[in-house]
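Single-structure report; data block below.
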There are 2 protein chains.
Amino acid sequence: MDMATRLENLADLGNDHPCLGCAVRELAVCGVLDADALRQFKESGPTVHYNAGDTVVFESDQATNVYSLTSGLLRLSKLLPDGRRQIAGFLFPGDFLGITMEEEHAFTAEAVAPSELCKFQRRQFDEFIERHPALERRLHAFAAHELAAARQQLVLLGRKTATERIASFLLMLEGHCHSVCANQEIAVPMSRADVADYLGLRIETVSREISRLKAHRVIQLTGRQSFRIVDRSRLKQMAEG
Amino acid sequence: MDMATRLENLADLGNDHPCLGCAVRELAVCGVLDADALRQFKESGPTVHYNAGDTVVFESDQATNVYSLTSGLLRLSKLLPDGRRQIAGFLFPGDFLGITMEEEHAFTAEAVAPSELCKFQRRQFDEFIERHPALERRLHAFAAHELAAARQQLVLLGRKTATERIASFLLMLEGHCHSVCANQEIAVPMSRADVADYLGLRIETVSREISRLKAHRVIQLTGRQSFRIVDRSRLKQMAEG
DNA sequence: GGCCTTAATTGATCTGGGTCATCGCGCCGG
DNA sequence: CCGGCGCGATGACCCAGATCAATTAAGGCC
């Protein structure tokens, strides 16, 4: 969507619309709805807030609700019986939770940072989709995009070395920095434990590899939760092999 | 879909329908189309055949076609610059190739066994979808299902041991045995190299772990490409931890 | 059937990343 | 300002699975 269309749509909302202040309106699934449909959509469910660490949905819960993330950060994770954890992905603002449309959630979704979500009853949501084919198409596009991302992550987990995983991850974080990271400072909004469980490594290995990148002047740490890329081409090169 | 509905739909086709002999008609995306739409759909593209080892689409090719697999087996794989390979998944009869709807294919699709596919021009296919919302919904469901499967595989690659990976894989193969594996004999239709690249292991490790399962009387080999499960509960237990 | 090719198995050894242990730092509360 | 706590960093050692190296077995083809 180009800037002109975007501004036009935003202007269309009028000044009492519930989605007026939403930073991810065109980015999220809602982006395809016109002002009236959007109002009806939004008013079909509440806005909910979660603090860092809170569980939004638990794996094996009935999937009675779906969500659109408007701010914050979620992680999708799964625990093995003995406590090993794998994070299947992170949800950023604009992402949709419940795209798999299964009866049960397969993964636990937890807030990594304080997060705001638009909550919808799945039953009502499904009905709404029926009446808005454009929304169905958009959800399909979202699912397709997430599938591509998940498969890319399969390559990382199945075949990449620790160094390559960290380099790939830092570049991914850079890609998610839109407005926030002016002056090239990139935020790492999750803990080392989350990074490790996302990359199929242990905390110690994540720490060591980051230190190595720092020592080789490929990145520069600007705090425990932020860094700067010093040599992007080398980082890119390290990300593959 | 229950048996009655299924037979009814099949009967509906009439006896000069191009899809009459198709073994996966209800299983594939086509399953939601009525006889007329299905005919029109099928006649919009040819049936193509590939031998084992043939490439159907190459990663980074323009995605000008999409396919529905009617028989055989495909693998979706990606190569790293130095030759390391990861298989992101296998496509079984009824599966759809091109679901991600990206402009470029992200993965190479190759025939593991002789395969038949219905081929469609993406352009025409997209138009067809526009006119048949049920098809869009079905594709969405397929994408959602593959996303769930890919995420499950992330857990395997990120956190499971070699033994757990092999056990999980053998159980997955069992799940794909519908009619073929009467008398409990389960086919392993791909090479050890393919298994290894799917599970993020080396060939030797795959071989050793299979031998171990055999030695512990959990499975029984009935040929290099087939086996029988002797102790399913133990295999299931080994698949997690 | 016998030869040749290719895949699979098995054994011996090596190593990247895991494990265990310690340390340091920043932050918060008193 | 100090003490404690939780996260992250670092060091020493270990092990699951990789690597290297034969060996064996299954087709395919005269």
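Letters A, B, ... mirror the listed sequences (proteins, then strands); counts begin at 1.
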Nearest whole angstrom, please: distance from the P of D/dG8 to the CZ of A/Arg192. 6 Å
Interatomic distance where CG belongs to B/Leu213 and P belongs to C/dT9 [whole Å]: 12 Å
Below 30° counts as parallel, above 60° as perpendicular, anything between as tilted: where do the rings of A/Phe92 and A/His176 land? parallel
Check the distance between D/dA18's P and B/Arg85's CZ and give it to me in whole angstrom. 15 Å
Reference residue A/Arg151; test salt bridge (Lys or Arg N to Asp or Glu O under 4.0 Å); the match among B/Glu59, B/Glu102, B/Glu146: B/Glu146
Nearest to the side chain of A/Arg224, which nucleotide is it out of C/dG18, C/dG24, C/dT9? C/dG24
Walk me through whether A/Asp194 and A/Ile87 qualify under side-chain contact (heavy atoms from CB on, under 4.5 Å). CA-CA 7 Å; A/Asp194 284 342; A/Ile87 292 180; 3.7 Å; yes
Minimum-distance nucleotide (side-chain atoms of B/Ser207 versus D/dT10, D/dG8, C/dT10): C/dT10
Atom CD1 of A/Ile166 and atom P of C/dG16 are separated, to the nearest Å, by 17 Å
For B/Gly200, which contact category applies under a 4.0 Å heavy-atom criterion: base, sugar-phosphate, or nothing? sugar-phosphate
When you look at B/Phe120 and B/Phe96, which way does the ring-ring contact (aromatic ring centres under 6.0 Å, His included) test go after all the steps? CA-CA 11 Å; B/Phe120 308 99; B/Phe96 189 80; 7.5 Å; no
Nearest-Å distance for atom pair CZ/P, residues B/Arg212 and C/dT10: 13 Å
Determine whether A/Glu209 and A/Arg165 satisfy the following criterion, salt bridge (Lys or Arg N to Asp or Glu O under 4.0 Å), listing intermediate values before the conclusion. CA-CA 9 Å; A/Glu209 292 300 329; A/Arg165 292 178 200 206; over 6 Å; no
Take atom CD1 of A/Ile210 and atom P of D/dA9, then tell me their distance rounded to the nearest Å. 6 Å
Nearest-angstrom distance from the residue atom NZ of B/Lys214 to P of C/dA8: 14 Å
Any N/O donor-acceptor pair, A/Arg208 side-chain to D/dG11 base, under 3.5 Å: yes
Taking only the side-chain heavy atoms of B/Glu204 (C-beta and beyond), determine which of D/dT19, D/dA18, C/dT19 contains the nearest atom. D/dT19
Can you tell me which nucleotide in C/dG18, C/dA8, D/dG17 comes closest to the side chain of B/Ser191? C/dA8
Among D/dG8, C/dA8, C/dT10, the one nearest any side-chain atom of B/Ser211 is C/dT10
Distance check needed: D/dC7 C1' versus A/Ile203 CD1, whole Å only. 8 Å
